[in-house]
Amino acid sequence: MRPDAAPCPVLEARGFSKALGGRPILRDLSLSVDKGEMKVLIGPSGAGKSTFLQCLNYLIPPDAGELWLNGQQVTPSNKKSLYALRERVGMIFQDFNLFDHLSAQENVSIALIRVKGMSKREAALRAAMELERVGLSRRAGLYPAELSGGQKQRVAIARALAMDPEVILLDEPTSALDPELVGEVLAVIRALAKGGMTMIMATHQMDFARALATEILFMEQGVIIERGSPEALLAPGSCTRTSAFFARLGTEPGDPVGENADLARAAEDG
């Protein structure tokens, strides 16, 4: 257990480092997220955001560092501890990772049967509920080849939600989508955030991040070089690295212009 008596973060990484091919990707990185928070990772390509997210549920094991879940240290060498982590910390990938030979409903229910031990009937009912939650109840019987990119990503979100995670990690969940499909996925994420889901999300949807993030963490070369609330980092006239990054992507702090302006307004309007 943590030595102090303060409330425990839901998820806490301490001193994560990772090298791939002899090149440092993460350098002594730490992060904690409390219940209901949405932490947003931003930064240039190659900053280490995706690697960090995958280290947080040991899809990629870090070379150094500790991970704590609800005040209990995760022991990656212990299979029971590792399986419990992955069941409670869900992951949404860029490229959906759906089974092509299974329908949308089957993609959601398969883990409920194999991991949670539900009957096929129980799993089907839960899958139907989660697909309805993401607006896909009428697409339950369709296969991935029959779904749009946005619909596939919403199936992936439903699959993660069905496992009753305490935290969801989202790795650029809209990066593989055509621009016209981005909004439908962000609408689901916005609803989850407003419903109190704890999330850590890497994204380049800057205005969306500004509207919903509890804290923005700017990463560069495997290090968090700046962190703070959107209000603090993006105040008009601020000279933060985050503000400069927003401006370079075409979104000026405090003025939702640029290609993501409609998403900013949607996020703010709820």
Shortest non-hydrogen contact between [X] and [Y], atoms and distance:
X      : Y      : value
Ala158 : Leu131 : CB-CD2, 4.0 Å
Ala202 : Pro173 : O-CD, 3.7 Å
Leu112 : Ala162 : CD2-O, 3.3 Å
Gly15  : Ser30  : N-OG, 2.9 Å

- Query: Given Val182, which of Leu186, Val185, Asp178 fulfils the side-chain contact (heavy atoms from CB on, under 4.5 Å) condition?
  - Reply: Leu186
- Message: Is it the case that the side chains of Ser50 and Asp171 hold a donor-acceptor pair, with the cut-off being a distance below 3.5 Å and no angle test?
- Response: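 On atom types as modelled, these side chains qualify, holding a pair under 3.5 Å.
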- Message: Is it the case that the side chains of Glu226 and Thr242 hold a donor-acceptor pair, with the cut-off being a distance below 3.5 Å and no angle test?
- Response: yes
- Query: Parallel under 30°, tilted from 30 to 60°, perpendicular over 60°: which one fits the rings of Phe16 and Phe52?
  - Reply: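 The arrangement is perpendicular - the two ring planes meet at more than 60°.
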Given 3.5 Å as the limit, does a donor-acceptor pair link the side chain of [X] with the main chain of [Y], or not?
X      : Y      : value
Gln54  : Thr51  : no
Ser243 : Cys239 : no
Arg86  : Tyr58  : yes
Arg154 : Val134 : yes
Arg27  : Gln221 : yes
Lys39  : Ser32  : yes
Lys35  : Pro9   : no
Gln153 : Phe93  : yes
Asn78  : Ser81  : yes
Glu146 : Tyr143 : yes

- Item | Inter-residue atom distance Leu161.CG - Glu130.CD, 0.5 Å rounding | 5.0 Å
- Message: Quick one, Tyr83 with Val115, criterion side-chain contact (heavy atoms from CB on, under 4.5 Å). Give me CA distance, side-chain angles, the key distance, then yes/no.
- Response: CA-CA 9 Å; Tyr83 293 160; Val115 177; over 6 Å; no
- Yes or no on side-chain contact (heavy atoms from CB on, under 4.5 Å) for Leu170 and Thr203, after CA distance, side-chain angles and deciding distance? CA-CA 8 Å; Leu170 301 105; Thr203 185; over 6 Å; no
